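Just so you know, these numbers come straight off a predicted model, no measurement behind them.
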Amino acid sequence: MKKLIGLFSCAVVFAIGCTKTSLTENENDIAQPAAVTSSSTHRGCASNEVLEAQLAADPTLADRMQAIEEFTTRYQQNPSAYRLLSNGMIEIPVVVNVVYKTAAQNISAAQIQSQIDVLNNDFASTNADITSVPTIFQGVKANDVGVRFVLDQVIRVNTKKTSFTTNDGVKKASGGGIAPTSPTTKLNMWSCNLSNGVLGYAQFPGGSTATDGVVILFSAFGLTTTGAPYNKGRTATHEVGHWLNLRHIWGDAQCGNDFVTDTPLHTGANFGCPASGIRSSCSGSSVMMTMNYMDYTDDLCMYMFSANQKTRMNATFVAGGARNSFAQP
């Protein structure tokens, strides 16, 4: 049965550029310029740091990722030429690897299912808070991304490790964790205790299948009552976005490039729950899309992908795409 339901190196960054739009609106309709909002607890995603370490360890990875970027650009320019799916949908089986030392870390089946539900709502734009998207971004918000997540298997291991770093030890039995299951056709997610304030990290397309997948702090996995402000499952939405080739919205640099044309330039990461309408200090003084899943705001205050982010993610699944094996019979 088909599973169809319808930086890296400077050379790569400079070789593959795109033009960012500057979304603005009437001065009377937006808040006055303000500094980036911060909170005492900041979201910590280590995906870019992990990528840089992998690039340093594997000299061939930059070339593979540049090829992925070049393919993605061609797809974005003419998606119809790569049409693969009869109904435009992809079903992704998810293997959840629960690596725990304490009872609290051994998350329940209900918590796991809640995470699958959050992913499905967020990627289908059926999340209740999608109605909060400001008027200025209504025209560029993604509708249904075209991806559905189905829980395939839960694997549990009682580890002796107190916590895990971003060195991928949680993805190896020898490191106290669990090796990925069928990573070319299944999304592997690990729930564990992460150290150093990291909420999660993901592997971008192009990396080794031996470490492919998404790692989430156990207290930020799914809907929880104790993990606020990261208790609504949006850490996984953010990390799966990386897994599908999305960058942080600020491009991991001041006014950086996320390779998406309809997300405004961001001064940098936003934290907490910023007021709608704050402007960046980048050229053009664009209104920042702080509610985008690829920013660093609290779970309560991120609730949209953009249309071009959807196109970028879809490019990974079509024939020739980095994750097209998920669309095979």
Side-chain angles (χ1 to χ4, degrees), residues 38-51 53 94-119 122 149 151 154-172 175-180 187-204 211-244 246 248 252 269-273 293-303:
S38 63
S39 64
S40 58
T41 303
H42 285 176
R43 181 176 297 278
C45 164
S47 296
N48 193 62
E49 290 80 357
V50 170
L51 173 58
V94 180
V95 177
V96 176
N97 302 290
V98 181
V99 183
Y100 67 97
K101 185 176 183 181
T102 68
Q105 296 166 13
N106 190 16
I107 59 175
S108 68
Q111 188 174 339
I112 292 170
Q113 185 58 53
S114 75
Q115 182 62 83
I116 301 298
D117 295 341
V118 169
L119 287 172
D122 288 351
F149 302 88
L151 183 61
V154 177
I155 303 173
R156 299 177 186 271
V157 164
N158 188 188
T159 186
K160 294 181 180 179
K161 297 273 291 185
T162 300
S163 63
F164 292 88
T165 67
T166 57
N167 69 355
D168 285 334
V170 73
K171 303 174 183 178
K172 305 169 186 174
I178 304 170
L187 166 59
N188 277 257
M189 301 180 71
W190 286 264
S191 168
C192 66
N193 189 29
L194 285 167
S195 60
N196 300 320
V198 174
L199 285 173
Y201 69 95
Q203 180 167 295
F204 289 95
T211 51
D212 197 37
V214 169
V215 182
I216 306 291
L217 177 69
F218 74 94
S219 59
F221 198 101
L223 301 177
T224 71
T225 58
T226 59
Y230 311 116
N231 59 339
K232 295 186 177 298
R234 261 60 191 272
T235 296
T237 303
H238 177 103
E239 300 302 343
V240 172
H242 285 316
W243 185 76
L244 292 176
L246 295 186
H248 288 137
D252 292 289
N270 291 283
F271 302 100
C273 283
Y293 291 123
M294 303 315 294
D295 206 336
Y296 265 8
T297 49
D298 293 350
D299 279 19
L300 183 65
C301 298
M302 54 166 59
Y303 39 81

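- The side-chain heavy atoms of H238 and M294, taken from C-beta on, include a pair separated by under 4.5 Å.
- In this structure, I107 CD1 and R156 CZ are separated by 7.0 Å, a value rounded to the nearest 0.5 Å.
- The CG atom of N193 lies 10.0 Å from the NZ atom of K101; values are rounded to the nearest 0.5 Å.
- When side chains are defined from C-beta on, V118 does not count as touching K232, because their heavy atoms never get closer than 4.5 Å.
- Between M302 and R234 the shortest heavy-atom distance is O-NH1, 3.1 Å.
- To the nearest 0.5 Å, atoms CZ (F204) and NE2 (H242) are separated by 5.0 Å.
- Applying the side chain to side chain donor-acceptor pair (under 3.5 Å) test between Y201 and each of T165, N48, D168 identifies D168 as the sole match.
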Requested in this report: With side-chain contact (heavy atoms from CB on, under 4.5 Å) as the test, would you mind laying out the steps for Y100 and T159 before giving the verdict?
Outcome: CA-CA 6 Å; Y100 67 97; T159 186; 5.8 Å; no
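- For the pair I112 and V98, the minimum side-chain heavy-atom distance is below 4.5 Å.
- One finds the OG atom of S191 at 8.5 Å from the CD atom of Q105 (value rounded to the nearest 0.5 Å).
- Note that OH of Y303 and OG1 of T237 are 14.5 Å apart. Values are rounded to the nearest 0.5 Å.
- The minimum heavy-atom distance between F164 and G175, with the atom names listed, is CE2-O, 3.4 Å.
- Y230 pairs with exactly one of L217, L300, I216, T235 by the side-chain contact (heavy atoms from CB on, under 4.5 Å) rule, that one being T235.
- Proximity of W190 to V214: side-chain heavy atoms (C-beta onward) are nowhere separated by under 4.5 Å.
- Scanning all heavy atoms of the two residues, the minimum distance from S47 to E239 falls at OG-OE1, 2.8 Å.
- When every heavy atom of A46 is checked against every heavy atom of T166, the shortest pair comes out as CB-CG2, 3.6 Å.
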Listing, residues 218-225 side-chain donor-acceptor contacts under 3.5 Å, not counting sequence neighbours, or none:
{"residue": "T224", "atom": "OG1", "partner": "S219", "partner atom": "O", "Å": "3.4"}
{"residue": "T224", "atom": "OG1", "partner": "G227", "partner atom": "N", "Å": "3.2"}

**Report entry** Derivation of the side-chain contact (heavy atoms from CB on, under 4.5 Å) call for Y296 and H248
**Finding:** CA-CA 8 Å; Y296 265 8; H248 288 137; 3.5 Å; yes
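- When every heavy atom of C301 is checked against every heavy atom of G272, the shortest pair comes out as CB-O, 4.2 Å.
- Exactly one of D212, N97, T211 qualifies for a side chain to side chain donor-acceptor pair (under 3.5 Å) with N188. That residue is N97.
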